[in-house]
Amino acid sequence: MHSFRYRDGHLYCEDVDLVHVAEQLGTPTYVYSAETILDHYARLDAALAPLDHLICYAVKANSNRAILKLLANAGAGFDIVSGGELYRVLAAGGDPAKCTFAGVGKSPEEIEYALEQRVCSFNVESEAELDHIDQIAGAKKTRAPIALRVNPDVDPHTHEYISTGSHQNKFGIALDRIGAIYEQAAKMRNVEIVGVQMHIGSQISEAKPFASAIGKVAPVVRELKLKYGIKFLSVGGGMGIIYQSALESGSGKWWHEHRSESFAFSVRDYAGAIVPPLRELDVRILVEPGRFLVGNGGVLLTHVRYIKKTDAKKFAIVDAGMNDLIRPALYQSYHEIVPVCRASAATDAGAEKVDIVGPVCESGDFFALDREMPELHEGDLLAIMSAGAYGFVMASNYNSRPLPGEALVRGDKFTLIRKRQTWEDLMRDEV
Ligand code: LLP
């Protein structure tokens with residue numbers, strides 16, 4: 001369930017009118033719903049209840065401290081990929097003992113910091129990295145808890161940039177090499193084998209690839225448990241969400257009104273496929289969802305600045321750009337775009353095709369091409385849906401555009417959780 005719905009012709013986030021947010025904070029602004037994020041967390045937690053499990057939120061999806069704090073208070077652990085993410089998690093009150101540290105290129109400083117903070121595990125992606133961790137832990141007279149990331153070589157059927165579990169990718173260690181590298185690790189004096197990890201990709205919209213990967217890795221887990229007494233298997237993240245359901249053709253209704261689930265496949269399908277084989281393994285199960293928890297919990301508000309008509313096209317030029325939300329430009333990804341006030345944008349009757357584009361000087365700066373929309377006018381307020389994951393975190397200052405603001409809604413109140421940058425901010429760190 002997500003909490004963006006029309007009420008009296010206006011799009012609301014929980015009990016907050018998004019027109020009001022745009023008036024107060026300006027645009028472009030990201031708006032997140034605490035209720036949605038916590039609802040998704042609770043559903044996943046309940047579905048995994050038959051397992052001894054820990055949900056480690058993938059911080060990379062949305063790392064605002066207020067979001068991390070929400071999830072830390074709900075009991076979440078965190079999947080981090082940099083020293084910066086660990087720093088944020090600690091600042092938000094997260095428990096380092098519930099943090100797993102992933103990533104193919106950890107720096108010595110990051111390894112030292114994570115050792116000092118006593119993270120639960122380093123998810124190791126290569127022999128070279130294992131050597132480094134051993135040396136650094138030795139120099140600090142401590143032992144590093146490690147899990148190797150196994151690459152099960154399954155095709156998750158998703159965009160090539162976010163597919164990670166095949167041998168063509170830079171991630172993890174091949175199944176046929178994993179035993180030998182665990183043996184090396186067992187001989188190292190400064191590492192302690194605690195688990196095994198995998199992650200096959202992101203925005204996966206069916207349960208099957210997860211089940212196949214678990215099927216391939218299960219025998220390895222059994223062996224590692226016998227040999228080294230490993231305590232956990234992390235099955236990674238990657239659960240897909242619904243981005244595209246569009247207005248039901250001809251009905252004039254927008255999808256929020258009749259979608260009860262906002263997931264690509266239901267959490268029940270996911271749990272149904274993974275819980276039975278995992279239960280048998282009798283180790284703690286970690287999951288690392290990012291998008292699933294926050295993706296449909298956020299929108300990007302933007303105003304139509306100009307309408308431009310050419311012989312070939314109608315363009316709605318909005319005040320958000322690819323620097324604010326790069327997913328359409330980078331992955332050709334679809335985001336639903338809806339008018340916040342339906343009164344000013346009519347219904348299906350006035351539908352026309354329009355390119356919704358940003359002000360950045362690149363032809364790739366678009367949010368939608370040839371999108372059927374109600375007739376748009378200058379000044380209309382739009383919501384780019386499903387922007388809670390990999391939205392703000394991938395934003396940049398390209399074209400010297402200040403980063404957008406972020407707000408968090410709880411019930412009938414909203415709080416600014418990150419100020420929009422100013423022009424001064426753009427040059428603050430230049431020397
Ligand atoms: N665990 C690991 C090891 C990962 O690499 C990732 C994501 C996750 C968990 C969380 O995956 P999720 O549950 O969010 O699918 N920027 C891209 C997505 C990149 C995902 C990278 N790794 C996008 O906007 O679609």
Side-chain angles (χ1 to χ4, degrees), residues 30 37 40-41 44 54-63 67 71 76-82 85 99-106 121-125 129 147-152 156-166 169-173 195-207 209-210 213 217 232-244 262-265 267 270 274 285-298 300 322 324-335 367 384-396:
Y30 280 95
I37 296 169
H40 291 181
Y41 180 86
L44 184 59
L54 177 65
I55 299 175
C56 293
Y57 167 61
V59 174
K60 64 173 85 64
N62 185 329
S63 58
I67 304 290
L71 289 165
F78 297 93
D79 162 45
I80 55 166
V81 291
S82 68
E85 286 192 351
C99 286
T100 56
F101 188 5
V104 294
K106 302 174 187 76
S121 170
F122 289 84
N123 294 342
V124 178
E125 305 241 8
E129 186 196 334
L148 297 187
R149 173 165 175 180
V150 53
N151 184 331
H157 304 135
T158 184
H159 191 282
E160 58 173 326
Y161 287 7
I162 51 177
S163 164
T164 52
S166 108
N169 305 121
K170 68 181 175 184
F171 298 101
I173 297 166
V196 57
Q197 195 264 353
M198 67 178 185
H199 170 77
I200 56 174
S202 195
Q203 184 54 14
I204 300 170
S205 54
E206 48 181 341
F210 293 106
V217 171
F232 73 82
L233 161 66
S234 170
V235 296
M239 289 175 72
I241 62 167
I242 287 176
Y243 282 98
Q244 182 165 7
S262 55
F263 320 133
F265 57 106
V267 71
Y270 175 71
I274 72 162
I285 300 302
L286 271 49
V287 290
E288 305 167 1
R291 191 187 321 259
F292 174 79
L293 295 182
V294 295
N296 280 325
L300 175 60
M322 67 188 286
D324 301 302
L325 175 66
I326 201 173
R327 300 193 72 260
L330 194 57
Y331 314 113
Q332 298 76 48
S333 57
Y334 183 101
H335 283 259
F367 295 111
I384 305 179
M385 306 301 295
S386 313
Y390 307 108
F392 182 89
V393 285
M394 294 179 80
S396 77

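In listed order, ligands and their atoms are each counted from 1.
Contact between Gly238 and ligand 1 is present, with at least one heavy atom of the residue lying under 4.0 Å from the ligand. Contact analysis leaves Ala61 out of contact with ligand 1, as no non-hydrogen atom separation drops below 4.0 angstrom.
Those atoms of ligand 1 that come under 4.0 Å of a heavy atom in Gly237, given as number and element, are 9 (C), 13 (O). For ligand 1, the atoms sitting less than 4.0 Å from at least one non-hydrogen atom of Gly290 are 12 (P), 13 (O), 14 (O), numbered in the order shown with element in parentheses.
Here the closest non-hydrogen pair linking Val294 and Ala61 is CG2-CB, 4.0 Å. Annotation for Asp324 and Tyr30: closest pair O-OH, 2.5 Å, computed over non-hydrogen atoms.
Distances from atom 25 (O) of ligand 1 to the heavy atoms of Gln203, Arg149, Arg291 show the closest one on Arg291. The residue from Ser202, Cys56, Pro289, Ala102 that puts a heavy atom closest to atom 15 (O) of ligand 1 is Ser202. Across Glu125, Glu288, Met394, heavy-atom proximity to atom 3 (C) of ligand 1 is greatest for Glu288.
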Please evaluate residues Tyr41 and Ile55 with respect to the criterion side-chain contact (heavy atoms from CB on, under 4.5 Å), reporting the C-alpha separation (whole Å), side-chain torsions for both, the decisive distance (0.1 Å), and the verdict. CA-CA 8 Å; Tyr41 180 86; Ile55 299 175; 3.8 Å; yes

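Residues forming a side-chain contact (heavy atoms from CB on, under 4.5 Å) with Ser333 (at least two apart in sequence, or on another chain): Arg327, Pro328, Tyr331, His335. Under the side chain to side chain donor-acceptor pair (under 3.5 Å) criterion, Ser234 pairs with Glu288, not counting sequence neighbours.
Stacking of Lys106 on the aromatic ring of Phe101 is recorded, both the 6.0 Å distance cut-off and the 45° axial limit being met.
Ligand 1 has an N or O atom lying under 3.5 Å from an N or O atom of Tyr331, backbone or side chain. Note: no N/O pair closer than 3.5 Å links Met239 and ligand 1 by distance alone. In terms of N/O distances under 3.5 Å, ligand 1 is approached by Asp79. Taking any N or O of Gly236, backbone or side chain, none lies under 3.5 Å from an N or O belonging to ligand 1.
Among Ile37, Ile80, Val287, Asn62, the one residue that satisfies the side chain to side chain contact (heavy atoms under 4.5 Å, CB included) test with Tyr57 is Asn62.
Looking at heavy atoms from C-beta onward, Met239 lies in side-chain contact with Leu44 at the 4.5 angstrom threshold.
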